[in-house]
J.: 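Have a look at the structure that comes next, please.
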Amino acid sequence: MLNKPSSPANETALMARVTAIAGLTFGELAEQLNVAVPNNFKREKGWTGQLIELALGASAGSKPQQDFPDLGIELKTLPLSYNNTPLETTYVCYAPLTGVSGLTWENSNVKNKLQKVLWIPVQGEREIVPADKLIGQGFIWQPNASELSLLQQDWEELMDMICLGHVEKINARIGEVMQIRPKAANGKALTDAIGENGSKILTRPRGFYLRKNFTSNILKQLFS
DNA sequence: CATTGATCATAC
DNA sequence: GTATGATCAATG
């Protein structure tokens with residue numbers, strides 16, 4: 001029994017836990033942690049991430065920082081198809097829509113979070129019930145120069161639109177490897193943003209997401 | 001059938 | 001509402 005693991009002291013200890021849960025099904029791990037397994041994710045969409053967080057001793061809660069702040073590591077689950085390609089985009093963080101003056105790629109929340117990521121591949125096919133989905137071997141990834149450049153380009157293009165009051169013109173087609181999409185409880189959620197001519201407007205909250213091609217390439221690097 | 005836009009649960 | 005964890009499901 002793993003009982004509510006505490007925060008790992010270092011990366012080696014963290015990776016030992018990662019390897020220990022690799023090959024288990026969600027059901028097996030959930031049983032060890034005394035967690036109930038849903039029959040689908042129509043409601044508990046973040047269940048997998050929370051299960052893995054608990055198993056690895058990530059600091060819980062909704063802090064806008066890394067999951068392992070002492071280690072500088074962000075944790076992400078990555079749902080894969082039978083062909084080992086990502087089935088979903090990867091949420092990174094909220095997109096700032098106000099107070100954006102002085103914000104640069106270097107000090108952005110996106111760069112901070114993506115500097116070092118512990119990816120946990122998991123089976124994502126909807127036809128597999130959650131209890132039977134397998135946990136894969138997690139691995140640490142740090143973006144290379146090329147990836148950083150692509151991310152920075154997309155971040156700057158999107159943040160320029162936000163700064164210039166064009167947030168309403170942003171759609172999910174913009175950005176080569178990273179996009180901005182709505183991120184809210186529902187369509188009624190509104191937040192402040194910059195409108196035309198610098199006026200204040202209300203708009204739907206947005207988040208940054210990594211495109212599937214980008215995360216797919218991260219996986220390919222593992223085998224090259 | 002892949003993608004975009006919408007949505008669900010939870011903590012504070 | 002903000003922010004975490006994400007997947008769902010309507011659409012073209």
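Treat the numbers as computed from the prediction; the structure is a model and nothing was measured.
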J.: Roughly how bent is the helix from dC1(B)-dG12(C) to dC12(B)-dG1(C) end to end, in steps of 10 degrees, with each end axis from five pairs?
T.: 30°
J.: Is it the case that the side chain of Asn83(A) and the backbone of Thr85(A) share a donor-acceptor pair, with hydrogens and angles ignored and the cut-off at 3.5 Å?
T.: no
J.: With sugar-phosphate meaning primed atoms plus P, OP1 and OP2, does Glu74(A) contact a base, only sugar-phosphate, or nothing at under 4.0 Å between heavy atoms?
T.: sugar-phosphate
J.: Does Lys212(A) put a side-chain nitrogen or oxygen below 4.0 Å from OP1 or OP2 of dT3(B)?
T.: yes
J.: Going by heavy atoms closer than 4.0 Å, what residues in residues 116-143 of chain A are next to DNA chain B?
T.: none
J.: Can you list, in residue-number order, the parts of residues 75-95 of chain A that come under 4.0 Å of DNA chain B, counting heavy atoms only?
T.: none
J.: Are any non-hydrogen side-chain atoms of Val92(A) and Tyr209(A) less than 4.5 angstrom apart?
T.: no
J.: Going by the rule salt bridge (Lys or Arg N to Asp or Glu O under 4.0 Å), which residues pair with Glu88(A) if we only count those two or more places apart in sequence or in a different chain?
T.: Arg126(A)
J.: Who pairs with Tyr94(A) by ring-ring contact (aromatic ring centres under 6.0 Å, His included), at least two apart in sequence or on another chain?
T.: none
J.: Got a salt bridge between Glu168(A) and Arg206(A), using NZ or NE/NH1/NH2 to carboxylate O under 4.0 Å?
T.: yes
J.: Write out all pairs satisfying side chain to side chain donor-acceptor pair (under 3.5 Å) with one or both partners inside residues 214-224 of chain A, taking only residues at least two apart or from two chains.
T.: Glu147(A)-Gln221(A)
J.: Please, which pairs that meet side chain to side chain donor-acceptor pair (under 3.5 Å) have at least one residue in residues 173-184 of chain A, sequence neighbours excluded?
T.: Thr89(A)-Arg181(A), Gln179(A)-Arg181(A)
J.: Just the rounded figure in Å: distance from C1' of dA6(C) to CZ of Phe26(A).
T.: 12 Å
J.: Taking ring-ring contact (aromatic ring centres under 6.0 Å, His included) as the test, write out the residues that go with Phe41(A), two or more places apart.
T.: none
J.: Within the supplied structure, the quantity of interest is the number of heavy atoms (other residues, nucleotides, ligands) at a distance under 6.0 Å from Asn39(A) CG; does it exceed 12?
T.: no
J.: Gln65(A) CD to dT2(C) P: how many Å, rounded?
T.: 17 Å
J.: Heavy atom of residues 157-192 of chain A under 4.0 Å from DNA chain B: which residues?
T.: Asn171(A), Ala172(A), Arg173(A), Gln179(A), Arg181(A), Pro182(A), Lys183(A), Ala184(A), Ala185(A), Asn186(A), Gly187(A)
J.: May I have the distance from Trp47(A) (atom CH2) to dC8(C) (atom C1'), rounded to whole angstrom?
T.: 18 Å
J.: Are any side-chain N or O atoms of Ser149(A) and backbone N or O atoms of Ala145(A), one a donor and one an acceptor, separated by less than 3.5 Å?
T.: no
J.: Can you check the Tyr209(A) OH to dC8(C) C1' distance for me, whole Å?
T.: 12 Å
J.: Return the value, rounded to whole Å, for the distance between atom CZ of Phe208(A) and atom P of dG5(C).
T.: 15 Å
J.: When you check the side-chain N and O atoms of Glu125(A) and Ser81(A), is any donor under 3.5 Å from an acceptor?
T.: no
J.: With sequence neighbours excluded, what pairs up with Glu28(A) under the salt bridge (Lys or Arg N to Asp or Glu O under 4.0 Å) test?
T.: none
J.: Using nucleotides 10-12 of chain C, report all nitrogen or oxygen pairs with the protein that are shorter than 3.5 Å.
T.:
none

J.: What contact category does Arg211(A) fall into here, base, sugar-phosphate, or nothing, at under 4.0 angstrom with non-hydrogen atoms?
T.: sugar-phosphate
J.: Within the 4.0 Å heavy-atom criterion, would you say Asp67(A) contacts the bases, only the backbone, or no part of the nucleic acid?
T.: sugar-phosphate
J.: Taking Leu29(A) as the fixed residue, which of Val35(A), Ile52(A), Val37(A) is the one that meets the side-chain contact (heavy atoms from CB on, under 4.5 Å) rule?
T.: Ile52(A)
J.: Check the distance between dA9(B)'s C1' and Asn40(A)'s CG and give it to me in whole angstrom.
T.: 13 Å
J.: Scan the side chains in residues 188-196 of chain A for donor-acceptor partners under 3.5 Å anywhere in the protein, sequence neighbours excluded, and list what turns up.
T.:
| from | atom 1 | to | atom 2 | distance (Å) |
| --- | --- | --- | --- | --- |
| Glu196(A) | OE2 | Lys169(A) | NZ | 3.3 |

J.: Taking the six-membered ring for Trp, are Phe26(A) and Trp47(A) parallel (under 30°), tilted (30 to 60°) or perpendicular (over 60°)?
T.: tilted
J.: Just to be sure I understand the rule, does Gly49(A) reach a base, reach only the sugar-phosphate, or reach nothing, if contact means heavy atoms closer than 4.0 Å?
T.: sugar-phosphate
J.: Do the side chains of Lys116(A) and Glu74(A) get nearer than 4.5 Å, heavy atoms only?
T.: no
J.: Checking the side chain of Gln123(A) only, and the main-chain atoms of Leu134(A) only, is there a donor and an acceptor separated by less than 3.5 Å?
T.: yes
J.: Rounding to a whole Å, what distance do you find between Leu210(A):CG and dT4(B):P?
T.: 13 Å
J.: Nearest-Å distance, NZ (Lys45(A)) to P (dC8(B))?
T.: 7 Å
